[in-house]
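Naming: A, B, ... by sequence-line order, numbering from 1 per chain.
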There are 2 protein chains.
Amino acid sequence: MSTTQKPEDRALHLEQFLPYRLNVVGFFASRALGRVYGTRFGIGIPEWRVIAQLGEFGQLTSRDIGELSQMHKTKVSRAVAELDKRGLVTRAENRADRREAFVALSAAGQRLYAQIVPLALAFEERWIEGISADELRVFERVLALLTERGRHLAGAYQTEEA
Amino acid sequence: MSTTQKPEDRALHLEQFLPYRLNVVGFFASRALGRVYGTRFGIGIPEWRVIAQLGEFGQLTSRDIGELSQMHKTKVSRAVAELDKRGLVTRAENRADRREAFVALSAAGQRLYAQIVPLALAFEERWIEGISADELRVFERVLALLTERGRHLAGAYQTEEA
DNA sequence: TGACATTAGTTGCACATGTAACTAATTGGA
DNA sequence: TCCAATTAGTTACATGTGCAACTAATGTCA
């Protein structure tokens, strides 16, 4: 017998297994942020993502929001409906294509956005504190690559690009 | 007015926002793996984590499994029950402490584990292919740091360490 | 023009999951 | 010894979410 091992014969250690590790850190991120938004503003992650995109881009259709923030269209639909119910967004039918509607932050929504953004940035700041710029650059580059490959390995949602 | 900006006055770009990015990549990881296990073996992520830990450590209580694999005790309970129903694990009461039970892979479970491990490792391999060892080292170190901080920022489950 | 395909968005349904409450067993003092 | 506190594990309940099916509007092509 050979002592050489095919990569596939290596042992598996879950705590070193990259997909597992990424899932865990993503879970922590989501949970920590959800705690910030939830306790102070009473909104969840999907609602936060909608607000963030509208705050950045001003006016979007639900379809756009879903594509930009990687959310299933039903999740977007429900988040927008919830924000509408709370008066944080407005919906205006596109008269050139009456299937879709332009969603935008209301005045109250803009005030909320202005409150959340500093908290979000401070949260991020505290999280990456002490990590060198060089290391962060490498980390973010690898992360972008893994995300792009992951998107394909995962197989897209119906609504995402084919 | 000063032109200097406090960090908190920076604009927010969701697609650059680290918690968001980590959550997205973690979602892709989970979904891609779930596809592999689900289509070929009919098991989900929680079941896979239980199997992985038992394959690695041989015999564990549900409590241990939850701690090692970062899962809520109810998720572990249900996953173990499901695997038990399929005959993939065995449960043996600990006679020294009859509250808990030792869970282990059955013969069928061990065969399944032996089948899954190469697939999981190949999946990981394909995912990180082409990334230099140096970059990966940096990436994993930063990832470990972010995970540890995220664990605290997220606040622990009831069952995790206080 | 008309028929079929496509798209934006919503909703019914089934399922997964966290919280809280629970049972049963054990531990730790007074 | 006895009672309160703790722990392992399960379950009822409410909620979140994806898929499939749906409606309404638009695009396409003959």
Side-chain angles (χ1 to χ4, degrees), chain A residues 23 27-28 30-32 34-35 37-39 42-50 59-85 89 91-103 154-162, chain B residues 23 27-28 30-32 34-35 37-39 42-50 59-85 89 91-103 154-162:
Chain A
N23 199 56
F27 174 76
F28 286 154
S30 170
R31 192 175 171 90
R35 177 163 296 198
Y37 307 152
T39 59
I43 61 169
I45 295 288
E47 289 77 21
W48 149 248
R49 287 194 185 174
V50 170
Q59 194 187 56
L60 295 166
T61 65
S62 288
R63 189 189 161 284
D64 295 332
I65 295 171
E67 203 167 302
L68 287 167
S69 60
Q70 300 291 335
M71 291 197 293
H72 193 269
K73 61 180 180 175
T74 60
K75 208 187 250 185
V76 175
S77 175
R78 284 156 181 152
V80 169
E82 173 69 21
L83 294 171
D84 191 14
K85 204 179 71 183
V89 301
R91 286 197 262 201
E93 182 184 71
N94 177 7
R95 303 201 57 183
D97 183 345
R98 297 194 351 270
R99 287 171 303 185
E100 65 186 17
F102 294 121
V103 183
Y157 275 136
Q158 307 161 326
T159 54
E160 292 168 5
E161 82 282 359
Chain B
N23 199 55
F27 174 76
F28 286 153
S30 169
R31 194 176 170 86
R35 178 163 297 198
Y37 307 152
T39 59
I43 61 169
I45 295 289
E47 289 76 21
W48 148 247
R49 287 194 185 173
V50 171
Q59 193 186 55
L60 295 166
T61 65
S62 288
R63 189 189 162 285
D64 295 332
I65 295 171
E67 202 167 303
L68 287 168
S69 61
Q70 300 291 333
M71 291 197 294
H72 194 270
K73 62 179 180 175
T74 59
K75 208 186 250 185
V76 175
S77 174
R78 285 156 180 150
V80 170
E82 173 69 20
L83 292 171
D84 190 14
K85 204 179 72 182
V89 301
R91 285 197 262 200
E93 181 184 72
N94 178 6
R95 304 200 59 181
D97 182 346
R98 296 189 357 268
R99 287 172 301 185
E100 64 185 18
F102 295 121
V103 184
Y157 276 135
Q158 308 162 323
T159 53
E160 291 167 6
E161 82 281 1

Between B:R91 and D:dT10, does any side-chain N or O lie under 4.0 Å from OP1 or OP2? yes
What does B:A81 touch in the nucleic acid at a heavy-atom separation under 4.0 angstrom: a base, only the sugar-phosphate, or nothing? nothing
As a test of reading the structure: which of D:dG18, D:dT26, C:dA25 is closest to the side chain of A:R98, going by heavy atoms? D:dT26
Using a cut-off of less than 4.0 Å, is there contact between a side-chain N or O of B:T61 and OP1 or OP2 of D:dA8? no
Could you tell me how far apart A:D97 (CG) and D:dT28 (P) are, to the nearest whole angstrom? 12 Å
Nearest of D:dA21, D:dT17, D:dT6 to any side-chain atom of A:K73? D:dA21
Spacing of A:H72 atom NE2 relative to C:dG9 atom C1', expressed in whole Å: 12 Å
Taken to the nearest whole Å, CZ/B:R63 to P/D:dT6 is 15 Å
Show your working on side chain to side chain contact (heavy atoms under 4.5 Å, CB included) between A:Q70 and B:F28 and close with a plain yes or no. CA-CA 10 Å; A:Q70 300 291 335; B:F28 286 153; 3.7 Å; yes
Measure CG/B:L60 against C1'/D:dG9 and give the value in whole Å, please. 15 Å
Rounded to the nearest angstrom, tell me the gap between atom CD in B:E47 and atom P in C:dC15. 14 Å
Checking contacts here: which listed nucleotide (D:dG9, D:dG18, C:dA20) is nearest the side-chain heavy atoms of B:T74? C:dA20
Given C:dT10, D:dT6, C:dT17, which nucleotide is nearest the side-chain atoms of B:R99? D:dT6
Taking the basic N atoms (NZ, or NE/NH1/NH2) and the acidic carboxylate oxygens, is any pair closer than 4.0 Å for B:R78 and B:E82? no
Roughly how many Å is it from CZ in A:R78 to C1' in C:dA8, rounded to a whole number? 15 Å
Give the rounded distance in Å between these two atoms: CD of B:E100 and C1' of C:dT23. 16 Å
Distance check needed: C:dA24 P versus B:R95 CZ, whole Å only. 19 Å
Counting C-beta onward and ignoring hydrogens, is there a side-chain heavy-atom pair between A:M71 and A:V50 closer than 4.5 Å? yes
